[in-house]
Amino acid sequence: MVKNLTFIIKLYQDFIRTNDENTPECDKLKLNSFFESISDSMIPLLQMFERLSEKGIAFRLGLVLPPLLCSMLENEKIQSMYIEFLDKRIALGKKELNRYKDNTEASELIRVTVERNKELKKLFSEDYEKNLIKQFAMWQKKGFIEILGTCATDIFMPYYADLPEALSAQVEMGLQSYKKSFGELPEGFFLPEFGYTPGIEKIIRAYGYTYTILSSRSILLVDNPPTNGIFYPVRTENSLGIFTADPLINDTLFGEDGYSSNSVYRNENRDIGFELELKKLTPIMEEKSARCSTGYKYWKKDFKDEFAVSYNFEDAKEQAKEDAQDFIEKTAEYLSKAAENVKDVDYVTSVCCINENQSRKQWSEFLIWLENVITDANEKDINITLCKEVISKQFTLEKITPYYSAGSGGGYGENLLSSRNCWMMRYVRKATERMIDLAERFPSDTGLKTRLLNIGALELLLAQSGSLAKMIDEGIDSEYADRRFRLSINAFTVVFDALGSNTVSTEWLTKLELMDNLFPWINYKIFSVKK
């Protein structure tokens with residue numbers, strides 16, 4: 001019996017305007033977080049691929065690189081801003097070296113951080129030629145990674161199940177973006193927030209996808225649960241393959257007693273950006289500017305002296321190796337028990353879906369742990385593979401009708417329509433209905449009307465992102481989310497009114513196209529009724 005282990009890491013980034021003359025502090029903070037994602041996750045992933053390849057390890061890893069993320073990574077202005085971001089961190093590090101010149105332990109930690117930022121700058125500017133998407137595409141072509149497709153934005157699909165044109169538009173736009181970024185078509189589709197309701201599989205399958213991944217509730221709460229539970233793929237009535245996301249992985253890694261909670265790991269909640277006076281944090285921060293993280297973090301999770309430097313990278317690295325070995329042993333035992341309870345199959349699979357934003361903010365050593373897991377897995381007879389490599393017999397899989405479920409809230413996405421954010425739904429739903437109507441009323445327009453319709457379609461896609469509602473519900477980056485949503489809804493309303501009155505300010509339209517400079521190939525007809 002083959003024991004398969006699949007990792008899928010989802011990266012995500014909301015759209016941030018960079019051509020706005022008056023960029024608010026909330027947008028600057030989101031941009032800082034985006035650059036940290038590049039430094040702490042994206043480039044380290046590429047470096048990990050290179051190390052594993054040099055060792056002759058035929059690794060396998062699934063990734064989700066959504067259209068908004070790809071579009072921002074391909075933006076030349078953002079590429080330049082990222083280099084400036086690294087330069088500022090290097091300059092701050094030099095100031096910190098002077099501040100801690102009499103502390104050998106702290107000086108070494110700061111020096112390593114400064115050198116790391118210099119290395120990132122060289123890798124990004126020279127080795128990768130500022131094109132990370134090209135690098136990920138290269139590793140996919142080599143067969144080491146699989147990049148899954150997804151929607152244009154992080155829409156929670158069940159809330160639009162009665163508007164199939166909206167879902168088709170999201171899936172189609174995501175597919176177009178994928179092809180332009182990676183030069184091929186994906187087999188796997190990643191559902192935002194694992195949001196599923198019966199009927200969605202018809203739209204996904206219609207665009208050529210082979211499989212998707214659902215929450216365990218969608219599989220286990222059906223009237224006739226599959227014979228082999230969550231450890232073997234099944235299919236829907238139209239033969240869309242279904243894998244189940246392992247329900248235990250989040251607690252195993254990030255729970256109260258998960259690996260990331262070990263006291264030796266770096267404390268991600270403490271950063272000199274929130275500890276020092278602003279005047280000591282130039283050039284990253286200026287007087288009266290909003291505080292943000294700087295990457296200079298000197299404390300481990302368990303510290304006794306509030307002011308003493310306590311983090312030791314070598315200790316954390318060794319702990320990550322030990323935790324990787326522990327995970328492999330427990331996973332081998334876990335899959336062996338699963339193998340004892342399945343029938344008429346030759347493998348069992350655990351699909352571990354991991355949110356990059358969570359891993360980065362809770363466990364900076366996560367990728368060190370993951371590299372050790374991949375390196376040592378063969379010792380315990382665990383086959384690290386890709387979903388697409390184990391679903392070749394999809395037309396013989398057991399058929400089920402998955403249950404409505406989600407990977408957020410209590411399992412049903414209720415946090416995306418809570419008392420804090422429910423006001424958003426009436427606006428975005430009305431805008432969606434209007435966009436579908438506009439696509440029918442203007443089936444073949446050109447010129448200025450087409451530009452209006454295209455920007456209207458773009459603004460609607462942005463407003464449909466469930467991540468905005470999630471931020472408002474959690475109270476994290478809520479100012480940014482509120483502003484981003486209102487900007488898109490207001491822009492769509494102006495478009496709708498302009499088409500109704502047959503008047504438009506070309507100056508306003510041109511300015512909006514420059515500020516929300518996404519998907520230049522967008523065609524509003526993606527919202528047309530499919531016949």
Side-chain angles (χ1 to χ4, degrees), residues 5 7 9 36-57 59 61 89 93 96-97 100 103-120 122-123 249 252-255 257-272 293-305 308-331 352 354-380 382 384:
L5 179 61
F7 286 103
I9 300 176
E36 287 182 330
S37 179
I38 296 175
S39 293
D40 299 339
S41 296
M42 297 182 213
I43 294 179
L45 272 169
L46 292 170
Q47 289 184 284
M48 183 180 81
F49 299 162
E50 290 166 6
R51 287 192 298 271
L52 291 170
S53 180
E54 288 171 359
K55 293 176 184 176
I57 298 173
F59 64 94
L61 184 68
R89 288 195 163 198
E96 282 294 281
L97 281 171
Y100 276 106
N103 186 321
T104 304
E105 187 178 27
S107 293
E108 178 60 19
L109 193 58
I110 297 165
R111 186 192 64 78
V112 169
T113 306
V114 171
E115 291 304 314
R116 176 57 178 164
N117 281 308
K118 289 180 179 178
E119 181 187 22
L120 289 168
K122 179 183 179 299
L123 285 166
I249 189 63
T252 299
L253 301 187
F254 309 111
D257 298 317
Y259 295 125
S260 64
S261 65
N262 193 293
S263 62
V264 77
Y265 291 132
R266 193 172 74 175
N267 189 334
E268 296 305 304
N269 294 320
R270 289 196 69 188
D271 185 292
I272 65 169
S293 59
T294 66
Y296 290 92
K297 302 174 183 182
Y298 309 143
W299 304 273
K300 61 182 182 178
K301 294 194 175 183
D302 178 23
F303 57 93
K304 296 178 181 179
D305 187 334
V309 172
S310 59
Y311 178 67
N312 185 295
F313 176 71
E314 292 302 322
D315 290 346
K317 185 178 178 180
E318 187 61 31
Q319 185 62 50
K321 186 175 182 179
E322 292 178 15
D323 287 341
Q325 292 173 345
D326 182 72
F327 176 79
I328 291 170
E329 290 175 3
K330 290 180 178 177
T331 300
C352 302
I354 296 162
N355 186 313
E356 177 272 339
N357 188 57
Q358 182 180 24
S359 65
R360 174 168 53 86
K361 292 184 176 180
Q362 288 188 226
W363 191 14
S364 65
E365 298 84 0
F366 165 71
L367 288 179
I368 299 174
W369 172 88
L370 179 60
E371 185 171 348
N372 279 288
V373 169
I374 293 172
T375 302
D376 301 336
N378 289 334
E379 295 179 6
K380 290 294 182 179
I382 293 178
I384 294 186

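Side chains are part of it too, since the values below use all heavy atoms of this structure and drop only hydrogens, waters and symmetry mates.
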Visitor: Taking the side chain as everything from C-beta on, heavy atoms only, tell me whether Ile249 gets closer than 4.5 Å to Phe254.
Guide: no

Visitor: List for me each residue that meets side-chain hydrogen bond (donor to acceptor under 3.5 Å, both in side chains) alongside Asn355, sequence neighbours excluded, and say none if there are none.
Guide: none

Visitor: I would like to know whether Leu61 and Leu370 meet side chain to side chain contact (heavy atoms under 4.5 Å, CB included); could you show each step before the answer?
Guide: CA-CA 10 Å; Leu61 184 68; Leu370 179 60; 4.3 Å; yes

Visitor: Would you please name every residue forming a side-chain hydrogen bond (donor to acceptor under 3.5 Å, both in side chains) with Ser41, sequence neighbours left out?
Guide: Glu356

Visitor: Name all residues meeting the side-chain contact (heavy atoms from CB on, under 4.5 Å) criterion together with Gln47; count only those two or more places apart in sequence or in a different chain, and write none if there are none.
Guide: Ile43, Arg51, Arg116, Glu119, Leu123, Tyr128

Visitor: To the nearest 0.5 Å, what is the distance between OG (Ser310) and CG (Asn267)?
Guide: 8.0 Å

Visitor: List for me each residue that meets side-chain contact (heavy atoms from CB on, under 4.5 Å) alongside Glu365, sequence neighbours excluded, and say none if there are none.
Guide: Tyr265, Arg266, Tyr311, Ala316, Trp363, Ile368

Visitor: Provide the full list of salt bridge (Lys or Arg N to Asp or Glu O under 4.0 Å) pairs with a residue in residues 311-327, sequence neighbours left out, each pair given once.
Guide: Asp326-Lys330

Visitor: Give, for atom OG1 of Thr331 and atom CD1 of Ile382, the distance between the pair rounded to the nearest 0.5 Å.
Guide: 5.5 Å

Visitor: Side chain to side chain contact (heavy atoms under 4.5 Å, CB included), that's the test. Do Ser263 and Lys300 meet it? Break it down for me.
Guide: CA-CA 6 Å; Ser263 62; Lys300 61 182 182 178; 5.6 Å; no

Visitor: Minimum heavy-atom separation for Val114 and Gly93, please, with both atom names.
Guide: CG2-CA, 3.6 Å

Visitor: Side-chain contact, heavy-atom cut-off 4.5 Å: Leu109 with Tyr100?
Guide: no

Visitor: Give me the ring orientation class for Trp369 and Phe327: parallel if the planes are under 30° apart, tilted from 30 to 60°, perpendicular past 60°.
Guide: perpendicular

Visitor: Going from OG1 on Thr375 to CD1 on Ile328, what distance comes out if it is rounded to the nearest 0.5 angstrom?
Guide: 8.5 Å

Visitor: Could you tell me if the side chain of Gln325 sits less than 4.5 Å from the side chain of Asp376, heavy atoms only?
Guide: yes

Visitor: I need the Arg111 CZ to Leu97 CG distance, nearest 0.5 Å.
Guide: 9.0 Å

Visitor: Which atoms form the tightest heavy-atom contact between Ser261 and Gly255, and what is the distance?
Guide: CB-O, 4.2 Å

Visitor: Can you see which heavy atom on Leu367 is nearest to which on Pro44, and at what distance?
Guide: CD1-CB, 3.6 Å

Visitor: Determine whether Ser359 and Ile354 make a side-chain contact, defined as any pair of heavy atoms from C-beta on separated by less than 4.5 Å.
Guide: yes

Visitor: Roughly how far, to the nearest 0.5 Å, is the SG atom of Cys352 from the CD1 atom of Ile384?
Guide: 9.0 Å

Visitor: Under the side-chain hydrogen bond (donor to acceptor under 3.5 Å, both in side chains) test, which residues partner Lys297, sequence neighbours left out?
Guide: Glu268

Visitor: Apply salt bridge (Lys or Arg N to Asp or Glu O under 4.0 Å) to Glu115 and list each qualifying residue two or more places apart in sequence or on a separate chain.
Guide: Lys118

Visitor: Quick one: are Ile110 and Tyr298 in side-chain contact, heavy atoms under 4.5 Å?
Guide: yes

Visitor: Who passes side-chain contact (heavy atoms from CB on, under 4.5 Å) against Asn117, sequence neighbours left out?
Guide: Leu86, Arg89, Ile90, Thr113, Leu120, Tyr296

Visitor: Could you pull out all residues at least two apart from Gln358 that satisfy side-chain hydrogen bond (donor to acceptor under 3.5 Å, both in side chains)?
Guide: Asn250, Gln362

Visitor: Please identify each residue that fulfils salt bridge (Lys or Arg N to Asp or Glu O under 4.0 Å) with Glu105, with sequence neighbours left out.
Guide: none

Visitor: Under the side-chain contact (heavy atoms from CB on, under 4.5 Å) rule, collect the residues that match up with Asp40, sequence neighbours excluded.
Guide: Glu36, Arg360

Visitor: Report yes if the side chains of Asn262 and Lys301 come closer than 4.5 Å at any heavy-atom pair, otherwise no.
Guide: no

Visitor: Does Ser260 use its side chain to pair, donor to acceptor, with the backbone of Leu253 at less than 3.5 Å?
Guide: yes

Visitor: I need the Ile374 CD1 to Leu5 CG distance, nearest 0.5 Å.
Guide: 9.0 Å

